[in-house]
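One-based numbering along the sequence shown.
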Amino acid sequence: MASDSAIIAWGSGEDGQLGLGSNEDKEWVSVVKALESQNVRSVVAGSRNSLAICEDGKLFTWGWNQRGTLGHPPETKTENIPSQVKALANVKIVEAAIGGWHCLAVDDQGRAYAWGGNEYGQCGEEPERKDDTGRPLRRDIVIPQRCAPKLVVRQVAAGGTHSVVLTREGQVWTWGQPWPPGDIKQISIPVRVQGLEAVRVIAVGAFHNLALQEDGTLWAWGNNEYGQLGTGDTQPRSQPIPVQGLSGLTLVDIAAGGWHSTALTDEGEVYGWGRGEHGRLGFGDNDKSSKMVPQKVNLLAGEDIVQVSCGGTHSVALTRDGRIFSFGRGDHGRLGYGRKVTTGQPMEVPIDLSPPTENTTTDDEEDS
């Protein structure tokens, strides 16, 4: 990591997912000091655990580990200091993803790996046992293992209980439980998603999926109860369908939250759709309703956004000049404003990495 850069974190810390050495929430941006000596290239934040990928391909994980989501045996329930995933030390990881309670990674050779919860086959291994009702019993994969071994993978994405990968040929493959548990039989063997060719990037929410093709067409499939597919209705789709309302735009990136979706144009404009509760779409405090088709986030107009990330109930946007805007549900400090505010109004996250000054206030001054 360059001397003038830092890995920062804020929000819920109850499972150690901030990597700050404690399990406390942080309402302000804090530096992850345990990663200061590492040359980190990217980070991924899940609801209960986090990971970092270094330039040399090393993978660090921290947070909740009861399901083996940190990639090593869960000797402790949570870990609040990043540690290297030793099982992947001999390969160069270039990308990773965090799902509901499983993780995926891919190395520079296109080999994919999975670990964590596997009761629905989301790690690519058939669950071996079932209970009296026929539901699969928990079978965690605590050490990363190869998945989708016949595919040369470019990108991985993890949902609530399913996995999706994009191959170097531009094909999309999926396995696991793509719908809420009980709605459809799970599969542990990758199946190709039909109708998609020359895909550039994929994004996965809890139970819905997005795929952006090289020609700029955005496709969606999966659950749609809040309009997160952008099809103008709330009907689920088992096969990809084009997202409406984006014609004439040049899309460069996409992101999916638990039940909402976003798209980014080449002009730095953000479009959002799906569940609007808590203001996670960024349309303003007075407009928290769900949107069935993409709408422009006018409150970010002129900010030249280069990246958007979506959590379960909030969103974060990064500008070209390095500023961060957040909006949505604010409890546990997840918006980084220093207070538990919930807002649909995008607000800039204050970033102050200077060391805190000593408090020289006397007791008498505090009483006054």
Measure the spacing between [atom1] of [X] and [atom2] of [Y] and express it to the nearest 0.5 Å.
X	Y	atom1	atom2	value
Asn23	Thr78	CG	OG1	4.5 Å
Asn223	Ser238	CG	OG	11.0 Å
Asp253	Thr265	CG	OG1	11.0 Å
Asn80	Thr76	CG	OG1	9.0 Å
Leu318	Ser309	CG	OG	8.5 Å
Tyr120	Glu126	OH	CD	13.5 Å

Under 4.0 Å between a side-chain nitrogen and a carboxylate oxygen: does that hold for [X] and [Y]?
X	Y	value
Asp107	Lys92	no
Glu277	Arg329	no
Lys340	Glu27	yes
Glu197	Arg192	yes
Arg67	Glu119	yes

Within the structure provided, determine whether [X] and [Y] are in side-chain contact (heavy-atom separation under 4.5 Å).
X	Y	value
Leu59	Leu51	yes
Val349	Val29	yes
Phe60	Cys54	yes
Arg111	Val106	no
Val308	Phe325	no
His208	Leu229	yes
Val243	Tyr271	no
Asn298	Phe283	no

Is there a path of hydrophobic side-chain contacts, each under 4.5 Å between heavy atoms of I, L, V, M, F, W or Y residues, that connects [X] with [Y]?
X	Y	value
Leu104	Ile98	no
Val306	Ile324	yes
Val94	Val153	yes
Val316	Val341	yes
Tyr113	Val165	no

Side-chain donor/acceptor of [X] to backbone N/O of [Y], under 3.5 Å:
X	Y	answer
Glu95	Val156	yes
Thr319	Ile305	no
Trp115	Thr69	yes
Arg154	Arg200	yes
Gln38	Glu36	no
Asn118	Cys123	yes
Trp10	Ser30	no
Thr61	Leu70	yes
Thr167	Val152	no
Glu55	Arg41	no

Kindly check if the number of other-residue, nucleotide or ligand heavy atoms within 6.0 Å of [atom1] ([X]) is above 12?
X	atom1	value
Glu214	CD	yes
Asp215	CG	yes
Ile189	CD1	no
Asp321	CG	yes

Glu303 vs Arg323, salt bridge (charged side-chain N to carboxylate O under 4.0 Å, His left out): CA-CA, chis, key distance, verdict:
CA-CA 9 Å; Glu303 294 295 347; Arg323 292 174 296 124; 2.8 Å; yes

What heavy-atom pair brings [X] and [Y] nearest, and what distance separates the two atoms?
X	Y	value
Trp273	Gln228	NE1-O, 2.9 Å
Cys147	Ala114	SG-CB, 3.9 Å
Gly284	Leu299	N-CD1, 3.6 Å
Gly19	Pro82	O-CD, 3.7 Å
Ala52	Trp62	N-CZ3, 3.7 Å
Thr231	Arg237	OG1-NH1, 3.9 Å

Apply side chain to side chain contact (heavy atoms under 4.5 Å, CB included) to the pair Asn224 and Asp233, showing each step before the final yes or no.
CA-CA 8 Å; Asn224 195 29; Asp233 55 36; 3.2 Å; yes

Which ILVMFWY residues can you reach from Trp221 by hopping between side chains whose heavy atoms are under 4.5 Å apart?
Val164, Leu166, Val172, Val193, Leu196, Val199, Ile202, Val204, Trp219

Please walk me through it: do Leu353 and Ile8 pass side chain to side chain contact (heavy atoms under 4.5 Å, CB included)?
CA-CA 9 Å; Leu353 303 184; Ile8 57 177; 3.8 Å; yes

Given side chain to side chain contact (heavy atoms under 4.5 Å, CB included), test Val40 with Ile53 step by step and report yes or no.
CA-CA 6 Å; Val40 176; Ile53 304 169; over 6 Å; no

Could you list the residues that satisfy side chain to side chain donor-acceptor pair (under 3.5 Å) with Gln145, not counting sequence neighbours?
Glu125

Cut-off 3.5 Å, side chains only: do [X] and [Y] have a donor facing an acceptor?
X	Y	result
His102	Asp140	no
Thr161	Gln177	no
Ser315	His260	yes

Over 60° means perpendicular and under 30° means parallel, so classify the ring planes of Tyr226 and Trp259, tilted if in between.
perpendicular

The test is side-chain hydrogen bond (donor to acceptor under 3.5 Å, both in side chains); show your working for Ser326 and Tyr337 and say whether it passes.
CA-CA 9 Å; Ser326 63; Tyr337 300 150; 2.9 Å; yes

Apply the test side chain to side chain contact (heavy atoms under 4.5 Å, CB included) to residues Phe327 and Arg280: give CA-CA distance (whole Å), side-chain angles for both, the deciding distance (0.1 Å), then the verdict.
CA-CA 6 Å; Phe327 42 98; Arg280 74 195 76 182; 5.6 Å; no

